[in-house]
There are 2 protein chains.
Amino acid sequence: MKEIEQRLNENGVRPTAMRILIYKYLAEKEVAISLTDIETAFSNADRTTLFRTLKTFEKKGVVHQIDDGTGVQKYALCEPGCNCELEQDLHLHFHCNNCDETVCLTEHKIPHINLPEGFVAEDANLVLKGICDKCSGQ
Amino acid sequence: MKEIEQRLNENGVRPTAMRILIYKYLAEKEVAISLTDIETAFSNADRTTLFRTLKTFEKKGVVHQIDDGTGVQKYALCEPGCNCELEQDLHLHFHCNNCDETVCLTEHKIPHINLPEGFVAEDANLVLKGICDKCSGQ
DNA sequence: CTACCCGTGCAACGGAAGTGCATTTATTGT
DNA sequence: ACAATAAATGCACTTCCGTTGCACGGGTAG
Ligand SMILES: [Mn+2]
Ligand SMILES: [Mn+2]
Ligand SMILES: [Zn+2]
Ligand SMILES: [Zn+2]
């Protein structure tokens with residue numbers, strides 16, 4: 001509880017009640033979360049607030065956005081001290097075709113790719129799709 | 001012209017006038033194309049027709065869909081004899097943050113990734129973002 | 001020639017992201 | 001403690017894109 005407030009403060013995000021709740025929600029879930037997920041979980045709050053909270057979190061480096069190819073934006077908490085912006089720190093994501101959940105595989109960094117002449121990479125996104133550990137029965 | 005008809009026939013797609021035009025359009029452009037792009041190019045035709053044409057092309061293996069993280073679906077012609085479905089044949093895509101175009105780098109296959117226990121990969125999507133060869137001045 | 005299938009067109013729907021503005025809540029200076 | 005100010009929240013509305021239902025019409029096959 002107190003740690004959350006501290007974490008938000010460190011990142012320059014004012015720890016309002018709502019934001020703490022959303023942070024806690026993100027922390028409990030071990031999967032990437034969509035705006036609609038949060039909207040469902042906090043049906044009393046307004047969608048715009050939740051939307052802007054996520055955008056604030058993203059801008060301040062509290063969460064990173066995930067594009068898993070489903071067409072809906074997902075978010076997950078950043079590791080403490082992570083540098084999502086830097087190309088070297090980009091991890092891959094896994095989307096399960098069975099349970100439809102997306103998880104961060106923070107241990108698995110995106111390998112460096114040699115590009116043709118003239119191409120300069122600044123960012124990368126690698127998503128693997130298949131069956132997750134929960135759904136594969138193992 | 002005749003080759004296009006043949007190509008479509010080979011893939012089980014009836015070569016209507018519209019479809020041939022769309023195929024030709026995709027072939028001329030060297031970049032990934034969105035439905036809106038096609039809609040703009042063929043303002044006389046109906047959006048639905050174009051949409052379903054792309055979906056038909058995709059189902060029959062004439063084009064593959066590309067998710068470049070912009071939020072809009074793009075499409076590009078498949079290489080003759082490509083096996084987009086197979087994991088081994090997946091190439092990466094490059095999205096230019098300057099000109100906003102997305103290109104296939106068909107030579108660059110997505111490297112195989114060792115996943116944690118229980119995860120089974122069936123598909124992969126790797127998108128690099130940065131500055132393309134045209135925009136980097138080289 | 002006729003019946004049918006499939007491509008095309010028109011209209012409408014639904015989900016999701018995003019914005020402008022009013023209102024409430026928190027923060028700061030006096 | 002109070003006023004002035006800034007930030008967060010809520011409501012309404014919009015736009016964009018993908019998608020579907022249904023009706024029409026031209027080509028294809030029997
Ligand atoms: Mn992640
Ligand atoms: Mn491609
Ligand atoms: Zn799963
Ligand atoms: Zn470019």
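In this text the structure is predicted, and so the values were computed from the model without any measurement. In the text below, chain A, chain B and the rest are named by the order of the sequence lines, each starting its count at 1.
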What residues, two or more places apart in sequence or in another chain, satisfy ring pair (Phe, Tyr, Trp, His ring centres under 6.0 Å) together with B:His93? B:His64, B:His91
Which of residues 57-78 of chain A have a heavy atom under 4.0 Å from DNA chain D? none
Test item: A:Cys132 and A:Asn98 side chains (from C-beta on) under 4.5 Å apart, heavy atoms: no
DNA chain D: 5'-proximal contact among B:Arg14 and B:Phe51 (nearest heavy atom): B:Phe51
Could you give all pairs that pass the side-chain hydrogen bond (donor to acceptor under 3.5 Å, both in side chains) test and reach residues 25-36 of chain A, with sequence neighbours left out? A:Ser34-A:Asp37
Close N or O pairs between protein and nucleotides 10-13 of chain D (under 3.5 Å):
residue	atom	partner	partner atom	Å
D:dG10	OP2	A:Asp46	N	3.4
D:dG10	OP2	A:Thr49	OG1	2.8
D:dG10	O6	A:Arg52	NH2	2.6
D:dC11	N4	A:Thr48	OG1	3.1
D:dA12	N6	A:Thr48	OG1	3.4

So which of B:Asn44, B:Thr49, B:Thr48 actually passes side chain to side chain donor-acceptor pair (under 3.5 Å) with B:Asp46? B:Thr48
Side-chain heavy atoms of B:Asn97 within contact of A:Glu122, under 4.5 Å: yes
Which is the 5'-most and which the 3'-most nucleotide of DNA chain C that has an atom under 4.0 Å from a heavy atom of chain B? C:dC6 to C:dA11
Take atom CD of B:Glu39 and atom C1' of D:dT15, then tell me their distance rounded to the nearest Å. 14 Å
Is the distance from OP1 or OP2 of D:dT9 to the nearest side-chain N or O of A:Thr16 less than 4.0 Å? yes
Among A:Lys74, A:Lys129, A:Gln73, which residue meets the side-chain contact (heavy atoms from CB on, under 4.5 Å) test with A:Asp68? A:Lys74
Which of residues 30-38 of chain A sit near DNA chain C, with a heavy atom under 4.0 Å from it? A:Leu35, A:Thr36
Quick check on B:Lys59: does its NZ atom have over 12 non-hydrogen neighbours (other residues, nucleotides or ligands) under 6.0 Å away? no
Counting C-beta onward and ignoring hydrogens, is there a side-chain heavy-atom pair between A:Phe94 and A:Thr102 closer than 4.5 Å? no
Heavy-atom side-chain proximity of B:Thr53 to B:Thr16 below 4.5 angstrom: no
OP1, OP2 of D:dT19 versus side-chain N and O of B:Lys55: anything below 4.0 Å? yes
Checking B:Arg19 side chain against B:Arg14 main chain: does a donor-acceptor pair fall under 3.5 Å? yes
